[in-house]
Amino acid sequence: MHPQKQIAEMVVSALQSAIASNSLPEIGEVAPSVERPKQAEHGDYSTSVAMALASSMRMAPREIATEIVESVAPTSMVQDVSIAGPGFINFKLNDEWLRSQIHVIREAGVEFAHLDVGAGQSIQVEFVSVNPTGPLHIGHVRGAAIGNGLANILDAAGYDVQREYYVNDAGNQMRIFAESAYVRFLQAAGKDAELGAESYPGEYVVELGAELYSELGNAVADLDADEAMEAISAPALDRTLANIRGTLERMGIEYDEWFSEKSLIAGDDFDDSLKLLEERGYVSEREGALWFLGTKIDLESDSVIIRSKERGPSYFGTDIAYHYNKFVKRGFDRVINVWGADHHGHVARMKAVVDSLGVDPEKLTIIINQIVNFKKGDETVRFNKRKDNFIAADELLDAVGPDACHYIFLERTPGTHMEFDLELAKAETSENPVFYVQYAHARLCAVLRAASERGIEFEDGDVSLLTTHQELALMRRLNELPDVIARSAEMLEPHHMPHFAYEVARELQRFYEACRVISSDPADAEITKARLLLVDAARIVLAGTLNIMGMNAPERM
RNA sequence: GCCCCCGUAGCUCAGUGGAUAGAGCACUGGUCUCCGAAGCCAGGUGCGUGAGUUCGAUUCUCACCGGGGGCGCCA
């Protein structure tokens, strides 16, 4: 259990025992909020529960606080509990306990911070899910970093996580894409063919057409249009998906499932979900189309599920089937969809669908990541995949590297309209905090290497020698990781991880400046060993944090 | 017109209804006999506006102002 929760439970038991001894009046369930005070003199943890209870208990906050403090059971973790200000109860961690955590960290590895708050609940994180009509562009990288980071956090928090990419291999855009590829294919075959008004004009499709021609040749080029399209669409999709997969793999992202939209229609999901909606009275036929009656559950309008017999389901129709599959068929306890801002108009409708399927809509969380403005110097660059002015995600990865992408995109909350200056990211690497954080890790490794080269064994070091301000500050920081994971998982906010990583790095650098680790003075042999234990624990925490963020922890730079 | 997101330091961004609102970048000045100076230390300004709820609001509610996005039988 993470320290913050332990403190909260201490407060709850203290309250209960104070009430049991009639020192405080009876009240219902209380979930005290425990926070980290901004001021160091206010301790490591703090609760304002006494102030919150003042009116219902009809007592002065400080009186309540006094009763709680007197009822707190002593633990090895907490050294001091005090009352301050209008009624805050402040907790200070025990230095001995902090030092002992070094051993805990070194024995368990980063798993010392793993939690059971997820209690094995199954949770699906669906992210990226870009139409397979071309390579990922730089705007998609944000969603990739967020979804992956979130999945890693939930995993560390004890959820049973499934990462999924929804492949839109059916529908109109896919048809237009296949037609575009066919035109380029014919052109590669030396035949006359023109792109339609809606076609994908990108260079990528030209290359794809040429590749398909060299693979399939005139045998397909000489077929009539329908047969040729048929022959081309599957390999076109495969190649494009392979391209997308390759980019994500470069980012170290692996999915458990690539879920096909087509399979919803080919299988039973579409029909079954429709039947369920019909039974529940959310479907009606009108104007030759089948409608979802969103207006029955507070939506502004109804939406088309099936456009007509010939034209089949709308994307919304298959999305209903998809969420039916997620919740009813596969039975996930929770589902998180990470969507780009251009889909936000779809959020309320999707929640309504889940509701109308008889599933608690709270089980579905949709995280919208806002548009990224990419800048080249002072110039803002706009992107639109359907026009030919996007920069491929691979180019961004080439320029700044996957680690920097993970860090920079995770650092901002998904809701911010963030700016990403391409030239700055390329040229001024020292401005990038990712280097600061990774450098700190590399430096720790350098120290451990140096110790190893000098044959220093430190397993039996005595951590009680670690008493300086910087050493204790570092230990405090390292022990925050479980709290940070808990909060990130609970709030579904991955951005706390890079901020934490930065704070660890900063505390490390201060420690490094203030405390000589490997000393050549024989009199320092014992403190050297103790500090090496701390360095090793710090390395474990920092590397573990970076890994959760999807980043590498380099041993050298 | 309706809906969603955003507005915090010169710039990019954190901030869980709590105590004196924080980092980075940029700017200035210090700082290296041994483990990596890509470092460390010191310098200061700000919650878009107006109400409301609350013991307490950057945080919650409403209105307004400003910026972005979305309102299709496209996805």
Side-chain angles (χ1 to χ4, degrees), chain A residues 4 33-39 41-42 46-48 51-52 54-55 61 84-88 90 129-131 133 168 170-174 176 198 261 287-291 300-301 303-308 311-319 340-348 368-371 373 386 408 411-421 424 428-433 435-436 438-440 442-451 453-454 456 487 490-491 493 495-496 498-499 502-503 506 508-510 512-514 516-521 528 531-532 535 556-557:
Chain A
Q4 194 164 26
S33 76
V34 174
E35 63 195 51
R36 301 198 142 262
K38 290 165 191 152
Q39 252 72 32
E41 57 267 31
H42 295 147
S46 169
T47 179
S48 60
M51 281 120 87
S55 67
F88 292 101
N90 296 332
S129 298
V130 171
N131 275 354
T133 57
N168 293 102
N172 206 35
Q173 294 302 326
M174 202 56 224
I176 295 170
E198 287 186 309
E261 181 185 6
E287 298 154 28
L290 197 69
W291 294 74
E300 288 190 357
S301 60
S303 306
V304 168
I305 300 173
I306 300 178
R307 297 175 286 188
S308 68
R311 293 191 299 159
S314 66
Y315 82 96
F316 175 65
T318 51
D319 248 9
D342 53 337
H343 287 66
H344 82 246
H346 192 43
V347 172
I368 298 291
N369 62 87
Q370 283 295 332
I371 305 279
N373 283 320
R386 294 176 201 179
I408 291 170
E411 190 186 16
R412 270 72 168 192
T413 57
T416 56
H417 306 266
M418 61 173 288
E419 292 208 351
F420 195 117
D421 192 316
L424 207 64
E428 300 285 339
T429 51
S430 65
E431 289 180 8
N432 194 333
F435 290 99
Y436 179 81
Q438 290 186 316
Y439 174 75
R443 189 180 236 182
L444 291 176
C445 293
V447 172
L448 292 169
R449 272 197 305 273
E453 282 161 14
R454 296 173 200 204
I456 302 172
R487 183 175 174 207
E490 184 188 351
M491 309 291 289
E493 289 179 342
H495 73 276
H496 301 297
H499 290 282
Y502 194 88
E503 292 303 324
R506 182 209 298 277
L508 270 169
Q509 302 285 25
R510 287 177 179 155
Y512 182 85
E513 293 295 326
R516 178 84 211 167
V517 178
I518 300 173
S519 168
S520 46
D521 185 343
T528 288
R531 284 176 175 163
L532 283 168
V535 164
R556 287 191 168 82
M557 293 179 74

**Prompt:** In whole Å, what is the span from the CZ atom of A/Arg556 to the C1' atom of B/G36?
**Reply:** 11 Å
**Complete:** The ring-ring contact (aromatic ring centres under 6.0 Å, His included) partners of A/Tyr502 (sequence neighbours excluded) come to A/Tyr436
**Item:** salt bridge (Lys or Arg N to Asp or Glu O under 4.0 Å) partners for A/Arg412, two or more places apart
**Value:** none
**Message:** Within the 4.0 Å heavy-atom criterion, would you say A/Glu41 contacts the bases, only the backbone, or no part of the nucleic acid?
**Reply:** base
**Prompt:** How far, in whole Å, is B/G30 from B/G66 if one measures between their C1' atoms?
**Reply:** 43 Å
**Request:** Can you sort out the partners of A/His42 under side-chain contact (heavy atoms from CB on, under 4.5 Å), two or more places apart, ordered by chain and number?
**Result:** A/Pro37, A/Gln39, A/Asn90
**Prompt:** Using atom P of each nucleotide, how far apart are B/C62 and B/G68 to the nearest Å?
**Reply:** 23 Å
**Prompt:** Within the structure shown, what part of the strands sits under 4.0 Å from A/Ala341 by heavy-atom distance: base, sugar-phosphate, or nothing?
**Reply:** sugar-phosphate
**Message:** For the C1' atoms, the ones on B/G46 and on B/G10, what distance do you get once it is rounded to whole angstrom?
**Reply:** 11 Å
**Item:** 4.5 Å side-chain heavy-atom contact, A/Asp342 and A/Ile371
**Value:** no
**Item:** Closest approach of A/Ile518 to A/Ala451 (non-hydrogen atoms, all atoms of both residues)
**Value:** CD1-N, 3.4 Å
**Message:** Under 4.0 Å, heavy atoms only, any strand: does A/Asn90 hit a base, just the sugar-phosphate, or nothing?
**Reply:** base
**Prompt:** Any idea which of B/G18, B/C73, B/C2 is nearest the A/Val304 side chain?
**Reply:** B/C73
**Prompt:** Is there a side-chain contact between A/Glu411 and A/Met418, using heavy atoms and a 4.5 Å cut-off?
**Reply:** no
**Prompt:** With Watson-Crick and G-U wobble geometry limited to distances under 3.5 Å, how should the secondary structure of RNA chain B be encoded in dot-bracket form, using | for bases paired to another strand and [ ] for crossing pairs?
**Reply:** (((((((..((((....[...)))).(((((.......)))))....(((((..]....))))))))))))....
**Prompt:** How far does the C1' atom of B/C74 sit from the matching atom of B/G67, given to the nearest Å?
**Reply:** 27 Å
**Request:** Could you tell me the separation between the CD atom of A/Gln173 and the P atom of B/G72, rounded to a whole number of Å?
**Result:** 15 Å
**Request:** For A/Arg487, check salt bridge (Lys or Arg N to Asp or Glu O under 4.0 Å) against everything at least two apart and list the hits.
**Result:** none
**Fill in**
Hits for ring-ring contact (aromatic ring centres under 6.0 Å, His included) against A/His346, two or more places apart or cross-chain, chain-then-number order -> A/Tyr315, A/Phe316, A/Trp339
**Message:** Could you tell me how far B/G1 sits from B/U8 if I compare only their P atoms? Round to whole Å.
**Reply:** 25 Å
**Asked** OH of A/Tyr315 versus P of B/G72: gap in Å, rounded?
**Response** 9 Å
**Prompt:** Do you know which two heavy atoms are closest between A/Met51 and A/Pro86, and how far apart they sit?
**Reply:** CE-CG, 3.8 Å
**Item:** Between B/C74 (P) and A/Arg307 (CZ): distance, integer Å
**Value:** 5 Å
**Asked** Has the side chain of A/Glu513 got a donor or acceptor atom sitting under 3.5 Å from an opposite partner on the base of B/G39?
**Response** yes
**Request:** Identify whether a stacking contact exists between A/Tyr502 and B/A23, where the ring centres must be under 5.5 Å apart and the planes under 30° apart.
**Result:** no
**Request:** Say whether, by atom type as modelled, one donor and one acceptor occur between the side chain of A/Ser308 and the main chain of A/Ala289 under 3.5 angstrom.
**Result:** no
**Request:** Mind calculating the distance between CZ (A/Phe316) and P (B/C74) to the nearest angstrom?
**Result:** 14 Å
**Under-4.0 Å side-chain N/O to phosphate OP1/OP2 contact, A/Arg510 with B/C41** = yes
Expected rows: protein N/O vs nucleotides 30-34 of chain B N/O, under 3.5 Å:
residue: B/C34; atom: O2; partner: A/Ser520; partner atom: OG; Å: 2.8

**Complete:** Given protein heavy atoms under 4.0 Å, the one-letter contact record of nucleotides 7-17 of chain B, with B base, S sugar-phosphate only and - none, is simply -----SSSSB-
**Request:** Using the P atoms only, state how far B/G43 lies from B/G24, rounded to an integer number of Å.
**Result:** 12 Å
**Fill in**
To the nearest angstrom, the CG-P distance between A/Leu508 and B/C40 comes to 11 Å
**Message:** When you measure from the side-chain N and O atoms of A/Tyr436 to the phosphate of B/A23, is any distance below 4.0 Å, counting only OP1 and OP2?
**Reply:** no
**Request:** With sequence neighbours left out, write down each residue that passes ring-ring contact (aromatic ring centres under 6.0 Å, His included) with A/Phe420, or none if nothing qualifies.
**Result:** A/Phe374, A/Phe409
**Message:** Expressed as a whole number of angstroms, how long is the span from A/Gln509:CD to B/A37:P?
**Reply:** 9 Å
**Item:** For A/Thr318, all residues meeting side chain to side chain donor-acceptor pair (under 3.5 Å), sequence neighbours excluded
**Value:** A/Glu261
**Fill in**
When rounded to whole Å, the CZ to P distance for the pair A/Phe435 and B/A37 reads 18 Å
**Prompt:** Under 4.0 angstrom, heavy atoms only, what part of the nucleic acid is A/Glu287 near: base, sugar-phosphate, or nothing?
**Reply:** base
**Asked** Taking O4'-C1'-N9-C4 for purines and O4'-C1'-N1-C2 for pyrimidines, is B/C5 syn (within 90° of 0) or anti?
**Response** anti
**Message:** Taking B/C2 as the reference, what is the distance to B/A9 when you measure between their C1' atoms (whole Å, please)?
**Reply:** 36 Å
**Asked** Of A/Arg449 and A/Ser303, whose closest RNA chain B nucleotide lies nearer the 5' terminus?
**Response** A/Arg449
**Asked** Can a donor-acceptor pair under 3.5 Å be found between the side-chain atoms of A/Tyr439 and the base atoms of B/A38?
**Response** no
**Complete:** Residue pair A/Gly415/A/Ser308 against RNA chain B: nearer the 5' end by closest nucleotide is A/Gly415
**Partners meeting salt bridge (Lys or Arg N to Asp or Glu O under 4.0 Å) with A/Glu503 (sequence neighbours left out)** = A/Arg477, A/Arg506
**Request:** Please confirm whether any donor atom in the side chain of A/His344 sits under 3.5 Å from an acceptor in the base of B/G70, or the reverse.
**Result:** no
**Message:** Among residues at least two apart in sequence or on other chains, which ones pass salt bridge (Lys or Arg N to Asp or Glu O under 4.0 Å) with A/Arg516?
**Reply:** none
**Request:** Can you tell me, in whole Å, how much space there is between the P of B/G22 and that of B/U45?
**Result:** 13 Å
**Message:** Considering every strand and a 4.0 Å limit on heavy-atom distances, what is the contact class for A/Ala54: base, sugar-phosphate, or nothing?
**Reply:** nothing
